[in-house]
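Each remark here refers to the structure printed beneath this line.
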Protein chains: 8
Amino acid sequence: GFAQLDVQRAARTGDPEVVYGEGKTPAQIVSALRALHAAHPDRAVLATRLAPAALARLAEELPAAWLDEAGRLAILGTPPAPVGTVAVVGAGTADLPVLREVAATVGVFGAGCDEVVDVGVAGLHRLLAQRDRIAGADAVVAVAGMEAALPSVLGGLIGVPLIAVPTSVGYGWHLNGLTAWLAMLNSCAPGVLTVNVDNGFSAGVAAARIARRTARP
Amino acid sequence: GFAQLDVQRAARTGDPEVVYGEGKTPAQIVSALRALHAAHPDRAVLATRLAPAALARLAEELPAAWLDEAGRLAILGTPPAPVGTVAVVGAGTADLPVLREVAATVGVFGAGCDEVVDVGVAGLHRLLAQRDRIAGADAVVAVAGMEAALPSVLGGLIGVPLIAVPTSVGYGWHLNGLTAWLAMLNSCAPGVLTVNVDNGFSAGVAAARIARRTARP
Amino acid sequence: GFAQLDVQRAARTGDPEVVYGEGKTPAQIVSALRALHAAHPDRAVLATRLAPAALARLAEELPAAWLDEAGRLAILGTPPAPVGTVAVVGAGTADLPVLREVAATVGVFGAGCDEVVDVGVAGLHRLLAQRDRIAGADAVVAVAGMEAALPSVLGGLIGVPLIAVPTSVGYGWHLNGLTAWLAMLNSCAPGVLTVNVDNGFSAGVAAARIARRTARP
Amino acid sequence: GFAQLDVQRAARTGDPEVVYGEGKTPAQIVSALRALHAAHPDRAVLATRLAPAALARLAEELPAAWLDEAGRLAILGTPPAPVGTVAVVGAGTADLPVLREVAATVGVFGAGCDEVVDVGVAGLHRLLAQRDRIAGADAVVAVAGMEAALPSVLGGLIGVPLIAVPTSVGYGWHLNGLTAWLAMLNSCAPGVLTVNVDNGFSAGVAAARIARRTARP
Amino acid sequence: GFAQLDVQRAARTGDPEVVYGEGKTPAQIVSALRALHAAHPDRAVLATRLAPAALARLAEELPAAWLDEAGRLAILGTPPAPVGTVAVVGAGTADLPVLREVAATVGVFGAGCDEVVDVGVAGLHRLLAQRDRIAGADAVVAVAGMEAALPSVLGGLIGVPLIAVPTSVGYGWHLNGLTAWLAMLNSCAPGVLTVNVDNGFSAGVAAARIARRTARP
Amino acid sequence: GFAQLDVQRAARTGDPEVVYGEGKTPAQIVSALRALHAAHPDRAVLATRLAPAALARLAEELPAAWLDEAGRLAILGTPPAPVGTVAVVGAGTADLPVLREVAATVGVFGAGCDEVVDVGVAGLHRLLAQRDRIAGADAVVAVAGMEAALPSVLGGLIGVPLIAVPTSVGYGWHLNGLTAWLAMLNSCAPGVLTVNVDNGFSAGVAAARIARRTARP
Amino acid sequence: GFAQLDVQRAARTGDPEVVYGEGKTPAQIVSALRALHAAHPDRAVLATRLAPAALARLAEELPAAWLDEAGRLAILGTPPAPVGTVAVVGAGTADLPVLREVAATVGVFGAGCDEVVDVGVAGLHRLLAQRDRIAGADAVVAVAGMEAALPSVLGGLIGVPLIAVPTSVGYGWHLNGLTAWLAMLNSCAPGVLTVNVDNGFSAGVAAARIARRTARP
Amino acid sequence: GFAQLDVQRAARTGDPEVVYGEGKTPAQIVSALRALHAAHPDRAVLATRLAPAALARLAEELPAAWLDEAGRLAILGTPPAPVGTVAVVGAGTADLPVLREVAATVGVFGAGCDEVVDVGVAGLHRLLAQRDRIAGADAVVAVAGMEAALPSVLGGLIGVPLIAVPTSVGYGWHLNGLTAWLAMLNSCAPGVLTVNVDNGFSAGVAAARIARRTARP
Ligand SMILES: Nc1ncnc2c1ncn2[C@@H]1O[C@H](COP(=O)(O)O)[C@@H](O)[C@H]1O
Ligand SMILES: Nc1ncnc2c1ncn2[C@@H]1O[C@H](COP(=O)(O)O)[C@@H](O)[C@H]1O
Ligand SMILES: Nc1ncnc2c1ncn2[C@@H]1O[C@H](COP(=O)(O)O)[C@@H](O)[C@H]1O
Ligand SMILES: Nc1ncnc2c1ncn2[C@@H]1O[C@H](COP(=O)(O)O)[C@@H](O)[C@H]1O
Ligand SMILES: [Mg+2]
Ligand SMILES: [Mg+2]
Ligand SMILES: [Mg+2]
Ligand SMILES: [Mg+2]
Ligand SMILES: [Mg+2]
Ligand SMILES: [Mg+2]
Ligand SMILES: [Mg+2]
Ligand SMILES: [Mg+2]
């Protein structure tokens with residue numbers, strides 16, 4: 001076949017391989033997700049970055065799959081019972097697709113998820129109102145584009161492990177998210193961790209691992 | 001002489017030429033400031049970006065000059081009576097030299113100045129406590145380095161004309177202020193204006209012009 | 001709904017939220033503009049960056065809206081009576097769309113607008129002929145692409161608050177407006193303020209605020 | 001004084017402020033560390049990025065401080081009893097200063113630290129021999145310069161939360177660590193988190209927070 | 001005609017000209033390949049970077065040509081008997097097109113080829129299992145995208161001449177292969193040679209020359 | 001010796017080799033200039049980019065040489081009788097060193113030179129006053145830093161061959177002259193030619209060639 | 001109308017305005033060329049960067065125009081009798097469109113043109129065979145993409161004024177011509193002048209001016 | 001000790017570790033070279049990038065070492081009998097330090113070396129005169145800075161494996177060798193391999209491996 005799935009990954013690192021949809025045909029995505037599900041029948045598997053055509057094909061051929069159009073993703077199989085909670089905090093409505101990618105990944109990788117949307121710093125009161133809810137999570141993921149001030153403000157308000165995801169959202173010359181990325185890496189709040197632009201998946205993997213371990217009884 | 005002063009500038013634009021100290025010897029700076037003062041005997045003139053040696057020479061040869069070591073600048077002659085007020089808001093103590101350059105320029109160019117220091121977003125309560133004071137000014141200059149979240153937060157809280165000055169302050173790879181600069185140009189708050197990195201002088205000129213005109217009786 | 005409008009913005013900063021059309025469907029734009037108008041029945045609201053399809057849909061569904069094809073924008077409701085004047089100065093005909101975005105924003109945000117088009121420095125006499133007209137405004141916005149020499153020449157001729165908008169207009173390798181942007185930030189004229197590439201909206205907001213306050217009786 | 005210490009930070013986020021030595025005189029560093037210690041008498045405080053002159057001055061004036069020359073840092077007061085373990089893994093001997101900054105920060109912020117040095121991928125057997133030791137930690141920090149292959153190899157071998165710190169170590173044109181930084185953000189292993197170039201402090205803060213919470217009984 | 005083929009190249013450098021398909025119409029490609037074949041009737045000639053339409057046209061008009069869809073290339077005529085062996089090692093399945101371009105070029109330029117696919121460092125055991133097979137070749141070409149850790153790991157395991165080909169494969173902000181390119185040029189393993197992003201052809205030419213000469217009896 | 005002079009260059013291209021002083025010791029510069037003079041006894045030879053120590057040594061050991069401290073250069077031997085005229089136009093006093101390098105090169109390469117200094121666009125009247133003088137030259141070299149608007153304004157006023165030299169002069173973030181360089185390459189005036197940042201020598205060579213040929217009787 | 005033609009340009013600089021086709025509709029191009037022709041009935045006018053649709057429309061509506069498909073341009077009216085000669089030298093067949101833009105501009109701006117095509121340095125003998133022909137011109141324009149070695153080799157062989165035009169031609173990561181541009185600005189041959197990437201028009205204007213003046217009797 | 005030498009490298013890859021002098025004290029270099037020699041008593045070992053102080057200390061403490069000041073390196077012990085020949089071709093005298101690093105590495109790694117200096121393309125005849133000598137080698141290393149046209153010209157003349165080393169040599173804005181680097185990666189000659197800027201060591205390792213194997217009897 002075109003792609004060789006790394007079906008031993010779960011044994012090695014505790015978490016299964018996923019399907020990255022960009023650059024794959026709908027048919028390839030369906031068959032990859034089916035194969036992954038067959039290799040891990042007892043736990044949910046995930047496909048990300050799905051174009052509308054791929055989502056449509058999945059709806060037809062794998063009706064058991066749960067689809068999220070805004071998040072451009074699909075889940076097949078039952079997610080594990082959640083251990084620990086990740087607060088996923090988004091700055092604007094345009095950041096929603098990345099926020100959903102974080103949330104779905106967190107669920108598939110075994111943690112619970114609390115979505116806090118549209119709390120960007122241009123209307124600060126919205127964020128301050130949610131401070132305690134966010135501070136109660138086991139890990140926080142902050143999703144923001146443009147100048148990405150959100151994680152710096154958050155990082156001054158809480159001491160929970162904090163991952164910042166820069167998005168390629170912006171007006172005009174934002175360099176496809178480079179601005180947000182540089183901002184997050186230069187945050188004046190100590191301990192802000194980051195991932196690549198729009199990489200909600202990688203942030204979700206890391207956050208779930210932290211939350212699962214933090215909350216283990 | 002080495003530098004030809006543009007002594008007609010005040011007639012053309014309303015504001016006099018200044019002395020930019022970088023790349024000039026102490027002797028050149030003294031003589032340039034003296035010449036500028038002679039051309040504008042009835043109003044204060046300014047020299048910026050002065051190295052310690054230049055400040056020392058000025059103290060000796062032009063004892064009438066007012067010197068600001070933190071701001072690396074000198075003023076000779078009496079500033080105009082201030083018309084209008086500029087709030088100059090700084091994120092951290094390391095931004096102080098640029099903040100002082102703004103403040104001195106504002107004074108020499110004829111407006112009053114209210115300095116609000118060390119109110120960076122990592123400790124948000126400090127900024128919120130000063131909100132009304134800042135909102136009462138005729139123009140606001142926000143000085144910040146690193147990820148420069150300050151002007152975005154401010155821009156969501158007030159409707160006063162707002163100029164953001166990126167500084168070259170940061171830990172590690174901040175690209176000499178490029179990060180702050182990009183952040184300011186991509187602010188999610190509408191109407192944020194900006195200048196070059198560390199260019200407190202240009203921000204001060206613009207802010208004074210706005211404040212003077214805004215407040216005219 | 002998809003986008004949550006920030007309807008309290010006017011209360012917080014004095015100016016209402018607007019609709020940014022890029023990345024939104026015609027249907028989303030129509031409904032956002034309608035909602036904004038409902039929240040601010042007594043003043044004009046604005047939608048920018050409208051593709052031809054969006055303009056066509058607005059013409060059909062909101063016939064009361066005023067449409068500007070060159071400026072790719074729409075206004076719904078009656079703009080406030082203008083207070084003060086902004087001169088909007090454009091270098092070339094290709095800069096027109098951005099110039100119109102400035103002009104429409106200035107009007108919606110409450111100031112009057114004087115458009116001075118096609119006065120780029122390659123034919124200097126055209127600009128010199130308009131010098132006094134421009135110098136009489138309460139704020140000036142200079143719109144230019146390519147090497148963006150216009151604001152530097154203007155900045156040496158007048159003392160009015162001056163905002164420069166770089167455009168992504170150019171032949172060959174102009175880096176999507178980076179050249180114009182760098183030129184404006186390195187202007188040899190003091191006090192030149194700037195915004196992001198093509199961001200006529202943000203420049204218009206700032207200019208209107210300056211003009212309104214300057215001219216208040 | 002010059003710098004205003006944020007002495008409420010511990011109350012807000014659970015961890016105290018630290019002293020960043022770059023750009024400060026030895027005298028300023030001594031007085032800042034002393035003030036921080038006075039504000040937190042019952043827990044260790046940290047100063048980083050200390051030049052040899054600053055270390056010498058501290059040795060003289062604060063003999064109770066523990067100094068690490070390779071790590072360019074100082075600790076004053078007794079660190080908390082460690083909760084949980086962070087494995088700090090370094091690629092080459094030139095990465096040692098950053099590795100030590102991670103280790104000291106981890107200790108001051110309350111976790112235990114296991115240093116695994118000189119296990120870069122050019123001699124793979126060295127890393128493979130330590131796999132189980134690293135996999136047993138509560139959090140892992142991988143420090144590497146040049147092409148920074150280490151976190152990718154590690155990320156394929158373990159499922160522990162993993163933070164990668166790019167260093168400015170390299171031969172020739174490595175762009176002051178940009179190469180390592182880009183490599184870490186583009187890791188083929190999922191869940192790799194990162195911080196700014198050479199920012200061992202921020203990685204240490206985050207790792208300690210994860211380990212402390214993970215291991216809480 | 002549009003393109004003048006350099007038919008003396010084989011006389012000058014020992015290897016014939018090839019057809020680079022990008023930017024050429026299917027008709028131009030067919031005629032160029034035909035002309036090249038006529039000039040070199042006794043040895044295979046190569047066309048690279050063929051779009052699906054070009055491959056289809058070749059299938060019709062030059063049925064004697066051997067086509068490789070994954071590699072986007074065509075070979076016309078009989079390749080020379082292979083002298084020496086090049087191991088072509090690929091990190092992931094998405095690197096396959098470039099890997100095939102290397103392999104076809106190696107064959108046309110007179111060496112044998114051993115393809116080792118999908119042995120990226122995220123699953124290290126796969127690479128270690130092939131170490132001796134790779135070490136037995138006369139030259140090695142390592143093809144990798146993303147953070148491109150493969151050549152560094154390989155370079156520490158073998159002493160065979162090693163050429164690294166960066167690919168433009170990646171998720172998110174990988175800068176069209178710049179990340180892989182920088183990583184290869186900063187490899188901690190000495191003696192790693194490299195070519196432009198995705199340039200499997202140039203790597204194949206060089207590897208075949210090395211293998212042919214190395215193995216000459 | 002360390003450097004091999006290309007003494008046949010005059011025969012090949014009509015103009016002799018010169019000594020580039022950067023990175024050479026005073027002793028090396030003296031001996032190179034002496035050797036060049038011996039090879040071309042009947043015409044002037046040039047040394048550029050001389051540090052103060054090199055100028056001092058030349059004053060001592062080659063008293064016949066003509067030295068220009070502001071231009072950091074030396075000329076040994078009699079320049080040719082000038083044929084044609086190059087107008088060398090400088091924006092600001094800080095551009096003087098580059099302007100002088102142009103002028104000296106023009107003279108040594110056989111054309112006459114008319115220096116027009118300090119006519120930057122911030123005080124436009126100064127340039128307009130010199131328009132006819134500049135338009136009368138056989139070639140024009142415009143030297144400018146910062147946003148480098150001068151060549152665009154000039155290019156709209158005259159039709160003489162025009163070479164623009166960007167300088168590394170600027171306040172703050174001007175990217176070592178990149179801003180000026182980009183501006184010149186994106187000039188809205190057609191026919192503006194350019195050279196590398198600060199490369200007055202190369203501009204002088206080209207301008208002298210144009211002027212010499214243009215004016216030949 | 002949409003575009004205001006600068007019909008006084010010929011009076012000011014000696015050469016008329018031209019039509020730049022990029023971003024204009026076929027109808028706008030036809031009407032602009034017609035207007036330009038009306039303003040300059042006694043000399044040829046030029047339109048560049050024409051898409052196939054624009055060329056087709058011109059063929060229909062202005063049958064008197066001379067069209068060059070490879071060069072993407074049109075000429076309307078009789079060019080001036082040529083004065084002097086420009087050698088236009090191209091490296092490869094893919095550089096042809098830019099070479100033709102140079103040639104057409106040279107003709108319209110009043111000089112003669114000698115096209116020397118496909119003499120790139122990879123087959124050096126081709127260039128050496130044309131050396132004397134090129135050396136006999138009044139000005140030389142060298143057009144090259146990729147690594148752009150051609151102008152450096154030429155610059156060592158001749159002393160004629162030499163303009164280098166970088167093209168955006170290349171395989172893989174050539175940064176849209178940045179590589180060629182940097183190479184030309186760093187040429188080891190003195191006196192190489194350059195223009196923006198693909199800007200054959202600007203090079204043609206400058207070369208024609210040099211050749212016309214050089215050859216004037 | 002500070003640095004752990006990788007003394008098993010020869011067993012793994014066939015070639016021993018070397019000492020990289022940059023960033024090490026003279027004392028560290030002496031002791032590292034001594035230790036390396038002790039581990040490999042029967043073959044030469046190498047230290048590169050030695051500052052004058054390090055060379056002086058080596059002369060004193062290890063009088064048996066062979067020192068090359070121009071190449072900034074030292075060799076201790078007897079090099080292997082050379083197998084095969086590497087032609088090392090340099091463009092200008094300023095490239096000499098890198099050329100010598102290549103040559104010394106080639107010798108220590110077991111091949112013979114033929115140095116061909118100062119044959120840059122600005123004086124093409126010099127290179128053409130050496131064509132056959134270079135074509136007779138088993139591998140070629142071309143060392144060049146500025147626009148680095150040399151490898152492209154060479155690559156069109158010979159079919160021997162060719163490694164290009166960009167140097168950081170240039171006048172003005174050459175971006176520390178980036179220009180040369182980009183030029184080499186975009187060479188129009190097929191099969192040009194490259195390494196990092198100034199990395200003569202890595203090129204020497206690769207060339208020696210190719211030559212040794214090519215020539216093996
Ligand atoms: N043309 C424009 N350029 C940049 N920003 C704009 C523009 N028009 C509107 N905006 C911003 O976009 C916001 C609305 O964005 P949205 O909520 O995505 O519709 C406004 O509050 C403005 O800050
Ligand atoms: N090594 C380090 N790298 C980056 N940031 C640091 C480092 N050490 C301390 N910091 C930050 O610097 C702040 C103190 O800076 P300052 O007030 O300038 O001394 C701390 O709150 C940390 O956020
Ligand atoms: N100021 C300058 N800027 C750039 N290149 C120069 C300059 N002066 C001389 N050159 C070049 O440097 C070469 C001599 O360099 P060198 O052999 O290193 O002394 C000359 O042939 C010129 O091409
Ligand atoms: N001139 C050089 N340029 C780049 N890398 C080098 C050079 N010389 C030695 N090296 C590398 O540096 C390593 C030794 O570095 P170190 O352990 O820091 O002394 C060697 O194994 C080589 O890979
Ligand atoms: Mg919103
Ligand atoms: Mg502070
Ligand atoms: Mg126009
Ligand atoms: Mg080591
Ligand atoms: Mg795979
Ligand atoms: Mg001046
Ligand atoms: Mg060809
Ligand atoms: Mg030489």
Side-chain angles (χ1 to χ4, degrees), chain D residues 90-95 118-131 134 142-159 162 164 166-192 194 197, chain E residues 90-95 118-131 134 142-159 162 164 166-192 194 197:
Chain D
T93 47
D95 301 313
D118 219 2
V119 292
V121 303
L124 203 59
H125 49 99
R126 298 176 299 184
L127 179 64
L128 297 177
Q130 309 293 341
R131 194 245 160 228
I134 298 168
V143 180
M146 304 182 79
E147 88 285 48
L150 177 60
S152 293
V153 171
L154 254 183
L157 296 173
I158 62 172
L162 172 58
T167 69
S168 56
V169 164
Y171 311 138
W173 221 75
H174 55 96
L175 296 168
N176 291 319
L178 173 66
T179 300
W181 193 20
L182 285 170
M184 286 168 174
L185 279 153
N186 284 283
S187 179
C188 60
V192 174
T194 193
V197 171
Chain E
T93 48
D95 301 313
D118 218 4
V119 292
V121 303
L124 203 59
H125 50 100
R126 299 175 300 182
L127 179 63
L128 296 178
Q130 308 294 340
R131 193 243 162 229
I134 298 168
V143 180
M146 303 180 81
E147 87 286 48
L150 178 60
S152 292
V153 171
L154 254 183
L157 296 173
I158 62 171
L162 172 59
T167 69
S168 55
V169 164
Y171 310 140
W173 223 75
H174 55 96
L175 296 169
N176 292 317
L178 174 65
T179 301
W181 192 22
L182 284 171
M184 287 169 174
L185 279 152
N186 283 284
S187 177
C188 60
V192 174
T194 194
V197 171

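The chains referred to below are lettered A, B, ... by the order of the sequence lines, with proteins before strands, and numbering in each begins at 1. Below, each value reflects all heavy atoms present in this structure, side chains not excepted, and no hydrogens, waters or symmetry copies.
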*chain E heavy atoms under 4.5 Å from D:Leu154: which part of the residue, side chain, backbone, both or neither?*
neither

_Side-chain touch D:Thr179/E:Thr179, heavy atoms, less than 4.5 angstrom_ = no

_Partners meeting side-chain contact (heavy atoms from CB on, under 4.5 Å) with D:Ala148 (sequence neighbours left out)_ = D:Ala144, D:Ala180, D:Ala183, D:Met184

*Is a side-chain donor or acceptor of D:Glu147 paired with a backbone partner of E:Cys188 at a separation under 3.5 angstrom?*
yes

*Rounded to the nearest 0.5 Å, how far does CG of D:Asn186 lie from CG of E:Leu182?*
10.5 Å

*Given the rule in the side-chain contact (heavy atoms from CB on, under 4.5 Å) test, do D:Val121 and E:Val121 qualify, once you have shown the distances and angles that lead to the verdict?*
CA-CA 10 Å; D:Val121 303; E:Val121 303; over 6 Å; no

*Tell me, out of E:Ala149, E:Ser152, E:Gly170, who's got the most heavy-atom pairs with chain D below 4.5 Å.*
E:Ser152

*Rounded to the nearest 0.5 Å, how far apart are CG of D:Leu128 and NE2 of E:His125?*
11.5 Å

*Portion of E:Leu185 that has a non-hydrogen atom of chain D nearer than 4.5 angstrom*: neither

*asked:* Among D:Gly120, D:Gly155, D:Ala122, D:Ala189, which residue has the highest count of heavy-atom pairs closer than 4.5 Å to chain E?
replied: D:Ala122

